[in-house]
Amino acid sequence: PEHVVRAVSEVHDQVLEPQAKHQKGGYTVVHIPATFVSGSRVGCYAFQPNIPANCAVFATSHRVVKTVAEYGRYPPAYYAIVGLPSLVSSALRSVYAMRAIAVALVAALLAMGALSIAQLSQRRIAAMGFAFAVTPMVMFLGSIVNPSGVEIAAGISLWASGSVLAVQSGDDLDPRLVRRVGIAGIALALCRQLGPLWVAIVGVVIVLIAGKVGTRRLARNRGVRIWGGVVLGGVVAQMLWLAVAGSVNLANLAGASHDPTSLVGRNSIGNSFPFFSQMIGNFGWLDTPTPTGVLVAWAFVLGLLVILGLAWSSRRGAGTLGGILVLAIAVPIVLEAASAHSVGYVWQGRYGLPLAVGVPIVAGVLLARTRNAAVLSGRVVSLLGAAFFLGQFFSFAQSMRRDMVGYSGKILFFLNPAWVPPVPAPLILVVAILALAAITIWLFWMPKPEPAQRGAVQDSGRSAPSDEPALAQS
């Protein structure tokens with residue numbers, strides 16, 4: 001709800017307002033319709049998983065009131081888009097329109113990444129990595145007003161399109177693929193504070209996969225240079241915003257830790273598994289974890305992709321994949337430990353997802369370039385497709401159940417629930433099943449790409465000079 005306050009205030013010309021008195025960090029004073037302010041008052045069930053959402057009461061007054069925007073200094077690009085419906089109506093239904101815009105942005109970015117994966121000849125194994133990068137947490141964040149949803153979707157899209165671009169760099173480049181990389185890069189750079197860091201890491205990985213010859217060919221391509229300049233401009237603009245607005249202080253979410261440095265390090269390392277489980281799925285206010293079976297299944301598939309990627313890829317490919325894995329584990333630990341004495345232990349798993357999704361995606365792309373890719377087909381594809389479908393569905397149902405009857409409420413939560421969504425719950429579940437089935441079938445049993453799409457990426461079994469981008473060749 002606080003992200004709604006930020007979005008509404010920004011589109012009403014309150015982009016960077018004065019600091020709120022007696023408040024720490026990036027809290028600013030804004031003036032918006034009372035309806036949107038009441039939407040942030042969900043304390044009756046926030047952080048209380050067994051209390052359903054029916055206790056929340058929303059104001060119907062459109063009177064403009066003074067309030068505090070918790071995220072008043074966050075980067076403005078995301079909020080400038082999702083906040084537009086509030087210019088048309090100050091009724092609560094405009095929040096649904098904001099969510100619809102957020103969903104559309106996430107869907108478009110994920111679709112771009114999937115289209116890039118579809119260009120590989122052994123696309124099914126690459127699609128497995130892509131699919132399991134889209135964790136239930138990604139789906140949840142993509143359905144609400146929160147910049148993390150678009151940021152992670154942009155990260156998935158950039159990793160997918162960038163990896164395919166890198167392995168294709170030795171041949172004629174598909175301009176559509178270059179555009180996808182550019183669009184995903186600019187979106188990732190502008191969404192949240194760490195966007196420039198994530199873009200830089202993906203850029204380095206693209207260079208490593210492409211190799212010297214591939215990188216030179218990319219640099220000579222006019223489209224790559226143009227889109228590279230656009231992404232660089234977005235990175236610079238984001239860094240200028242952070243410098244002007246000041247770093248966002250999250251001290252109100254926790255408190256400065258007074259633990260000795262050695263204990264801070266141990267605590268941050270000890271938080272690695274909670275970070276991982278949050279990446280897979282922990283909804284609401286981190287009070288609704290995904291079912292344990294989903295967490296175990298997701299961890300198994302991710303581990304399988306990593307192990308096979310390390311075992312079957314070339315030395316350079318395995319080194320690149322291993323480096324991404326190390327960064328995905330180490331960066332959250334380092335960033336939390338570095339800020340613990342000023343703001344406390346505030347890191348959440350979703351903050352590192354734009355980086356972590358690169359592990360299964362790159363593993364899948366590298367595996368698709370090996371002669372062993374055919375091993376992971378047929379029955380294996382069916383089993384993993386079923387695991388993806390069931391994991392996503394049960395996670396979605398868990399999130400609905402928490403709001404309707406509480407986390408520990410009855411299994412058949414759609415029968416006489418305490419809280420009822422605007423659309424009947426059974427209809428929502430049916431639509432979710434159909435949508436997930438369509439997504440799963442397309443991802444795991446992708447049709448062959450059109451000849452114009454395939455370009456030179458079909459030669460996964462050919463040998464290549466050592467400096468070519470065929471990193472994963474056996």
Report the C-alpha distance between Ser395 and Gln398 in whole Å, list the side-chain angles of each, state the deciding distance to 0.1 Å, and finish with yes or no for side-chain contact (heavy atoms from CB on, under 4.5 Å). CA-CA 5 Å; Ser395 296; Gln398 181 85 305; 5.5 Å; no
Is Arg99 reaching over with its side chain to a backbone N or O of Ser143, donor-acceptor style, under 3.5 angstrom? yes
Apply side-chain contact (heavy atoms from CB on, under 4.5 Å) to the pair Val5 and Glu70, showing each step before the final yes or no. CA-CA 8 Å; Val5 173; Glu70 182 177 340; over 6 Å; no
Hey, are the side chains of Phe389 and Ile439 touching, using non-hydrogen atoms and a 4.5 Å cut-off? no
Main-chain N/O of Tyr74 paired to Arg6 side chain as donor or acceptor, under 3.5 Å: yes
Heavy-atom distance under 4.5 Å between the side chains of Val301 and Met128, does that happen here? no
Got a second to check how far Leu110's CG is from Met139's CE, nearest 0.5 Å? 7.5 Å
Quick one: does Phe283's side chain get under 4.5 Å of Thr290's, heavy atoms only? yes
Backbone of Leu335 reached by a side-chain donor or acceptor of Ser339 within 3.5 Å: yes
Please answer whether the main-chain N or O of Arg73 pairs with a side-chain N or O of Trp241 as donor and acceptor at a distance below 3.5 Å. yes
Please test Leu87 against His12 for side-chain contact (heavy atoms from CB on, under 4.5 Å), starting from the C-alpha separation and ending with a verdict. CA-CA 7 Å; Leu87 294 174; His12 285 82; 4.0 Å; yes
Less than 4.5 Å apart, any side-chain heavy atom of Val150 and any of Ile81? no
Without swapping roles, check the side chain of Arg401 against the backbone of Phe396 for a donor-acceptor pair under 3.5 Å. no
Atom pair CE/CZ of Met98 and Phe36 - distance to nearest 0.5 Å: 4.5 Å
In short, Val205 meets Thr320 closest at the heavy-atom pair CG1-CG2, 3.9 Å
Tell me whether Arg225 at atom CZ has more than 12 heavy atoms from other residues, nucleotides or ligands lying less than 6.0 Å away. yes
Might you work through the side-chain contact (heavy atoms from CB on, under 4.5 Å) test for Trp198 and Val331, ending with a clear yes or no? CA-CA 11 Å; Trp198 306 144; Val331 168; 4.0 Å; yes
For Leu177 and Ser161, the nearest pair of non-hydrogen atoms, with its separation, is CD1-O, 3.7 Å
Would you tell me whether Gln168 and Asp174 have side-chain atoms, one donor and one acceptor, within less than 3.5 Å of each other? no
Keeping the roles fixed (side chain from Gln238, backbone from Arg192), state whether a donor-acceptor pair exists under 3.5 Å. yes
Look at the side chain of Arg316 and the backbone N and O of Leu208, then say whether any donor-acceptor pair between them is shorter than 3.5 Å. yes
From CD1 (Ile156) to OG1 (Thr135), nearest 0.5 Å: 7.0 Å
Quick one: pull up CH2 in Trp159 and CZ in Phe130 and give me the separation to the nearest 0.5 Å. 14.0 Å
Output for pair (Leu173 CG, Asn221 CG), nearest 0.5 Å, gives 5.0 Å
Using the six-membered ring wherever Trp is involved, compare the ring planes of Phe273 and Phe276 and label them parallel, tilted or perpendicular (cut-offs 30° and 60°). tilted
Minimum side-chain heavy-atom gap Tyr71-Tyr27 below 4.5 Å: no
Between Ile186 and Val199, is there a side-chain heavy-atom distance shorter than 4.5 Å? no
Under 6.0 Å from the CZ atom of Arg220, do we count more than 12 heavy atoms belonging to anything else shown? yes
Measure from the side-chain N and O atoms of Ser272 to the backbone N and O of Ile269, and report whether any donor-acceptor pair falls under 3.5 Å. yes
Heavy atoms of Ile209 and Ser163 approach each other most closely as CD1-OG, 4.5 Å
Between Glu17 and Val30, is there a donor-acceptor pair closer than 3.5 Å when you use the side chain of the first and the backbone of the second? no
So, for Tyr351 and Val346, which heavy atoms are closest and what is the spacing to 0.1 Å? CE1-O, 3.5 Å
Distance in Å, Asn146 CG paired with Cys191 SG, rounded so as to fall on 0.5 Å steps: 10.0 Å
Minimal non-hydrogen separation, Ala189 against Val235, with atom names: CB-CG2, 3.9 Å
Where Ser89 and Ser94 come nearest, the two heavy atoms and their spacing: O-OG, 3.3 Å
Would the distance check show the side chain of Ser268 and the main-chain N or O of Gly265 forming a donor-acceptor pair, the cut-off being under 3.5 Å? no
With a 4.5 Å limit on heavy-atom distance, are the side chains of Thr370 and Leu366 in contact? no
Do Trp445 and Val381 come close enough that some side-chain heavy atom pair is under 4.5 Å? yes
Using 30° and 60° as the class limits, which term best fits the ring planes of Phe444 and Phe132: parallel, tilted or perpendicular? perpendicular
